[in-house]
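Here the structure is laid out as structure tokens; the discussion comes afterwards.
Quantities reported herein were computed from a predicted structural model and do not represent experimental measurements.
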Amino acid sequence: MQQQQQQQSLYSLPSVQKLISHYNELKSKHMRDLLSDASRNSHLKIQTDTLLFDYSHQKITLETLQLLSSLAAETQLITQFTNMFNGDITNTCERRSVLHTALRLPKTESLIVNGVDVVKSVHEVLEKIKTYSTKIRNGDIKGFSGKRLTKIIAIGIGGSYLGTDFVYNALKSHKKYNALSEGFELKFIANVCPVDFYNAVKNLNVEETLVIVVSKTFTTAETMLNSRNMKQWVID
């Protein structure tokens, strides 16, 4: 009911009504015609030192951007962003701050939330992860039976899986990192399909396997089910 009311409230905004009208005008245009406009194309690109964002192949125009900016202003989107970066409570469902941005702040920065410097806490944990990961790679930390841990199973779903999988796929073809990962194998279990679980653990030696469970709350149903299945696999 609340979501339906919010949707109705959103559709009543003048900026949304203008966007709907703009969409109805734009949908009949062909991408080929839009791409023939050099001025449009140049304005739909953002170049940084190392990245190029090119959204000229989307069915949008400069007017679309102006209308979206009006919507952002009308819904106070910039204020919401600012509040989020400041550590204010913006997750109204859980009554908590949304602090993923703190993960990207350097050690020299500071973000105080409820009297705690979140950035300091983040870097303390990151340092622990780095130390532990290095010891796994070097073989300083071994499995229960004393064998080196070379097989890694990462259990998670959604944001607790996709980011890691993205980085893994981005780096695995890189010459340097491919060489550094020689001898290691990484697999993901991201859903509750028993076939996926079977394929992930198939031919694995449990004595050489490290299991990593990734979750924000450790209550996510799929992640907890896979964790219990993995625990049973280890016990068996």
Item checked: Fellow cluster residues of Val116, listed by chain then number, with links counted only when side-chain atoms sit under 4.5 Å apart -> none
Check: Other than Leu52, which residues form its hydrophobic cluster under the rule that side-chain heavy atoms must be closer than 4.5 Å?
Finding: none
Could you measure the distance from the [atom1] atom of [X] to the [atom2] atom of [Y]? Nearest 0.5 Å is fine.
X      : Y      : atom1 : atom2 : value
Lys147 : Thr209 : NZ    : OG1   : 10.5 Å
Ser12  : Gln17  : OG    : CD    : 8.0 Å
Thr92  : Ile89  : OG1   : CD1   : 10.0 Å
Ile60  : Leu67  : CD1   : CG    : 11.5 Å
Tyr132 : Asp140 : OH    : CG    : 11.5 Å
Glu124 : Lys107 : CD    : NZ    : 10.0 Å

Would you say [Y] ends up clustered with [X] if hydrophobic residues are merged whenever their side chains have heavy atoms under 4.5 Å apart, either directly or through other cluster members?
X      : Y      : value
Phe184 : Ile212 : yes
Val206 : Phe188 : no
Ile136 : Val214 : yes
Ile189 : Tyr198 : no
Leu62  : Leu68  : no

Show every donor-acceptor pair shorter than 3.5 Å between a side-chain atom in residues 150-165 and any protein atom, with sequence neighbours excluded, or say none if there are none.
| unit_1 | atom_1 | unit_2 | atom_2 | d |
| --- | --- | --- | --- | --- |
| Tyr161 | OH | Asp165 | OD2 | 3.2 |
| Asp165 | OD1 | Asn169 | ND2 | 3.0 |

Can you give me every donor-acceptor pair (side chain of residues 225-236, partner residue at least two apart or in another chain, under 3.5 Å) with its distance?
| unit_1 | atom_1 | unit_2 | atom_2 | d |
| --- | --- | --- | --- | --- |
| Asn226 | ND2 | Asn191 | O | 2.9 |
| Asn226 | ND2 | Glu222 | O | 3.4 |
| Ser227 | OG | Thr223 | O | 2.7 |
| Asn229 | ND2 | Leu225 | O | 3.4 |
| Gln232 | NE2 | Asp236 | OD1 | 2.9 |

So do [Y] and [X] actually touch side chain to side chain, heavy atoms under 4.5 Å?
X      : Y      : result
Ile112 : Ser110 : yes
Arg40  : Leu44  : yes
Ser70  : Lys18  : no
Val16  : Ile20  : yes
Leu180 : Tyr177 : yes

Keeping [X] on the side-chain end and [Y] on the backbone end, is there a donor-acceptor pair under 3.5 Å?
X      : Y      : value
Arg148 : Arg137 : yes
Asp88  : Met84  : no
Glu207 : Ser145 : no
Asn178 : His174 : no

Item checked: Closest non-hydrogen atom pair between Ala170 and Ser173, with its separation -> O-OG, 4.2 Å
Notebook entry, point to check: Any idea which heavy atoms bring Asp117 and Leu111 closest together, and the distance?
Noted result: OD1-N, 3.3 Å
Margin query: Pairing donors with acceptors under 3.5 angstrom, does anything connect the side chains of Thr90 and Asn83?
Written below: no
Check: Could you give all pairs that pass the side-chain hydrogen bond (donor to acceptor under 3.5 Å, both in side chains) test and reach residues 41-66, with sequence neighbours left out?
Finding: His22-Thr64, Asp54-Ser56, Thr61-Thr64
Margin query: So for atom CZ, which belongs to Phe218, do other residues, nucleotides or ligands contribute more than 12 heavy atoms lying within a distance under 6.0 Å?
Written below: yes
Check: Do other residues, nucleotides or ligands put more than 12 heavy atoms under 6.0 Å from the CG atom of Asn114?
Finding: no
Show every donor-acceptor pair shorter than 3.5 Å between a side-chain atom in residues 93-104 and any protein atom, with sequence neighbours excluded, or say none if there are none.
| unit_1 | atom_1 | unit_2 | atom_2 | d |
| --- | --- | --- | --- | --- |
| Glu94 | OE1 | Asn91 | ND2 | 3.4 |
| Glu94 | OE1 | Arg96 | NH1 | 3.3 |
| Ser97 | OG | Gly87 | O | 2.5 |

Notebook entry, point to check: Is Lys187 salt-bridged to Glu185, going by a charged N under 4.0 Å from an acidic O?
Noted result: yes
Next item on the list: List the steps, then state whether side chain to side chain contact (heavy atoms under 4.5 Å, CB included) holds for Leu26 with Lys29.
Entry: CA-CA 5 Å; Leu26 195 60; Lys29 292 193 176 183; 3.9 Å; yes
Next item on the list: Run the numbers on Met224 and Thr220 for side chain to side chain contact (heavy atoms under 4.5 Å, CB included), then give the verdict.
Entry: CA-CA 6 Å; Met224 291 301 97; Thr220 308; 5.6 Å; no
